[in-house]
Amino acid sequence: MKPVRALPLIWLLLFASPAWSFQSRVVTIPSAAMRESFDATVVLPDDYARDDRAARYPVVYVLHGSGGSYADWTANTRIGALADRYRVILVMPDGGHESWYIDSPFDSGSRYETYVGNEVVSYVDAHFRTIAAKQDRAITGLSMGGFGALRIALDRPGTFGAVGSISGAVDPRTCEDEPGIDHVFGDPVRHPSFWNRNAIVADADTFEREHIALTIDCGADDPFVRSNRTLHDRLMQLGVPHAYTERPGGHTWDYWRNAILRQVRFFSNAFRKRTDIASHPGDGARAG
């Protein structure tokens, strides 16, 4: 018999008590931009069903990686418990296998930035009791989804007040060998300007200018750690407030299970800080 593997302490603390009663459901969200509909997982905290109809909740959008789907996070982690713990709605949309969450000028049928950044947000605000405001929306993701979350937040600073990246492929110029990437980014030799301006480092100062709380997490053994360090260094040079975490680990679900705990906690703190600022505008403090 194989020995029982002990859960990391952070998971034991999270799930030992209380019993979690979140609601997880799959919804189908239409895209006018792509003339198609896609499934998404929505997790509602236990309080959602018990609170009165006036109660509204912040939302955290969580993106999957390359080759994945809307079901990845719930299939591979206990992310649903975070909805209860932090009293947030979690939304995990489908971003296609190799879309990179951009509106591709080279594939008119791949409009995933518009879909996730506009259409999914509008659908969720219309169908669930959300706090429909920038300061109560966050977006994060892993690998390709980490890039997508950062790119969407940068391009839509009026929509998201906080953003994160987990093992993010933050610089597509270092990912030219990724299957299918040239289908949406174009040939890197013929279209270098498109690749260059989509690298997150090119717009790093926007996080500060648009008051977007930022957290970045990448394993020390991850193939993307070098580009994450480059982004971190650039943010430091620009004086952009952000949380940067680098721990032992690779591009694996073992790493991502722990990273998502830290990211949702960061977002919850950012939501509360902004609420405190609204209540005490003279304090002048900012999340990030």
Side-chain angles (χ1 to χ4, degrees), residues 22-45 48 56-75 77 79-80 82-83 86 88-104 107-166 168 184 198 210 212-213 260 263-264 267 270-271:
F22 59 86
Q23 307 167 48
S24 181
R25 62 183 70 174
V26 175
V27 298
T28 301
I29 303 177
S31 170
M34 291 187 282
R35 299 180 182 179
E36 195 173 349
S37 294
F38 304 93
D39 287 340
T41 301
V42 176
V43 181
L44 304 173
Y48 189 94
R56 293 186 172 271
Y57 296 81
V59 185
V60 178
Y61 293 83
V62 187
L63 310 184
H64 64 77
S66 172
S69 79
Y70 68 94
D72 280 8
W73 280 102
T74 49
T77 75
I79 191 173
L82 301 178
Y86 295 107
V88 298
I89 296 172
L90 301 172
V91 179
M92 288 147 276
D94 200 297
H97 282 188
E98 300 293 342
S99 74
W100 285 77
Y101 296 95
I102 65 170
D103 289 348
S104 173
D107 180 358
S108 60
S110 188
R111 307 281 297 174
Y112 282 92
E113 183 173 335
T114 292
Y115 174 63
V116 173
N118 292 3
E119 295 173 326
V120 172
V121 171
S122 295
Y123 179 94
V124 170
D125 284 344
H127 290 80
F128 298 95
R129 298 197 315 272
T130 67
I131 304 174
K134 164 182 172 167
Q135 61 266 28
D136 288 287
R137 287 195 202 98
I139 186 169
T140 188
L142 68 85
S143 194
M144 178 186 81
F147 167 83
L150 296 172
R151 188 70 266 160
I152 290 169
L154 285 169
D155 291 344
R156 288 163 173 75
T159 301
F160 297 96
V163 61
S165 171
I166 301 171
V184 291
N198 275 286
E210 298 293 346
I212 302 171
I260 193 61
Q263 296 239 323
V264 177
F267 296 143
F271 297 151

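We count residues from 1, following the sequence as given.
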Q: Check step by step if side-chain contact (heavy atoms from CB on, under 4.5 Å) holds for Arg25 and Thr41.
A: CA-CA 6 Å; Arg25 62 183 70 174; Thr41 301; over 6 Å; no

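- For Tyr123 and Tyr115, the distance between ring centers is not under 6.0 angstrom.
- Between the CG atom of Leu150 and the OG1 atom of Thr140 there is a distance of 7.5 Å, given to the nearest 0.5 Å.
- Judged by the 6.0 Å distance and 45° axis criteria, Arg129 is not positioned over the aromatic ring of Tyr57.
- The shortest heavy-atom contact between Ile260 and Trp73 is CB-CZ3, 3.7 Å.
- Residues Phe267 and Tyr86 are not in side-chain contact: their nearest non-hydrogen atoms beyond the backbone lie 4.5 Å or more apart.
- In terms of modelled atom types and a separation under 3.5 Å, the side chain of Ser69 and the main chain of Ala71 share a donor-acceptor contact.
- Residues satisfying the salt bridge (Lys or Arg N to Asp or Glu O under 4.0 Å) test with Asp125, not counting sequence neighbours, are Arg137.
- Counting only heavy atoms from C-beta outward, the side chains of His64 and Asp94 approach each other to under 4.5 Å.
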**Q.** Verdict with supporting geometry, Thr114 and Asp103, side chain to side chain donor-acceptor pair (under 3.5 Å)
**A.** CA-CA 7 Å; Thr114 292; Asp103 289 348; 2.6 Å; yes

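- With values rounded to the nearest 0.5 angstrom, Tyr101 atom OH is found 11.0 Å from Ser110 atom OG.
- Taken to the nearest 0.5 Å, the OG atom of Ser108 stands 11.5 Å off from the CE atom of Met34.
- By the 4.5 Å heavy-atom criterion applied to side chains, Val27 and His127 are not counted as neighbours.
- Side chains of Glu113 and Trp100 form no contact here, defined as non-hydrogen atoms less than 4.5 Å apart.
- The two residues Ser24 and Thr74 come nearest to each other via the heavy atoms OG-CG2, 4.5 Å.
- Counting only heavy atoms from C-beta outward, the side chains of Tyr48 and Ile89 approach each other to under 4.5 Å.
- Here the side chains of Pro45 and Phe22 are not in contact, with every heavy-atom distance at 4.5 Å or above.
- A salt bridge (charged side-chain N to carboxylate O under 4.0 Å, His left out) check over residues 32-43, counting only residues at least two apart or in different chains, returns nothing.
- Counting all heavy atoms, side chain and backbone alike, Ser165 lies closest to Gly146 at OG-CA, 3.6 Å.
- In terms of heavy atoms, Pro93 sits closest to Val62 at CD-O, 3.6 Å.
- Leu82 CG to Gln263 CD: the interatomic distance, rounded to the nearest 0.5 Å, is 11.0 Å.
- Here the side chains of Leu44 and Val42 are in contact, with some heavy-atom distance below 4.5 Å.
- For the side chain to side chain contact (heavy atoms under 4.5 Å, CB included) test with Met92, the passing option among Val60, Leu63, Val43 is Val43; the others fail.
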Q: Decide yes or no on side-chain contact (heavy atoms from CB on, under 4.5 Å) for Val163 and Leu154, but give the supporting numbers first.
A: CA-CA 9 Å; Val163 61; Leu154 285 169; over 6 Å; no

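- Considering all non-hydrogen atoms of both residues, Glu119 and Ser31 come closest at OE1-OG, 2.7 Å.
- Once rounded to the nearest 0.5 Å, the distance linking CD1 of Ile166 with CG of Leu142 reads 6.5 Å.
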Q: Test side chain to side chain donor-acceptor pair (under 3.5 Å) on Glu98 and Ser66 and set out the steps.
A: CA-CA 6 Å; Glu98 300 293 342; Ser66 172; 2.6 Å; yes

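- Counting heavy atoms from C-beta outward, Val88 and Val59 have side chains that stay 4.5 Å or more apart.
- Classification of the Tyr61-Phe160 ring pair by plane angle, with boundaries at 30° and 60°, yields perpendicular.
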Q. What do the steps show when you test Phe38 against Ile29 for side-chain contact (heavy atoms from CB on, under 4.5 Å), and what is the final call?
A. CA-CA 5 Å; Phe38 304 93; Ile29 303 177; 5.9 Å; no

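- Among all heavy-atom pairs drawn from Glu210 and Pro157, the shortest one is CG-CB, 3.5 Å.
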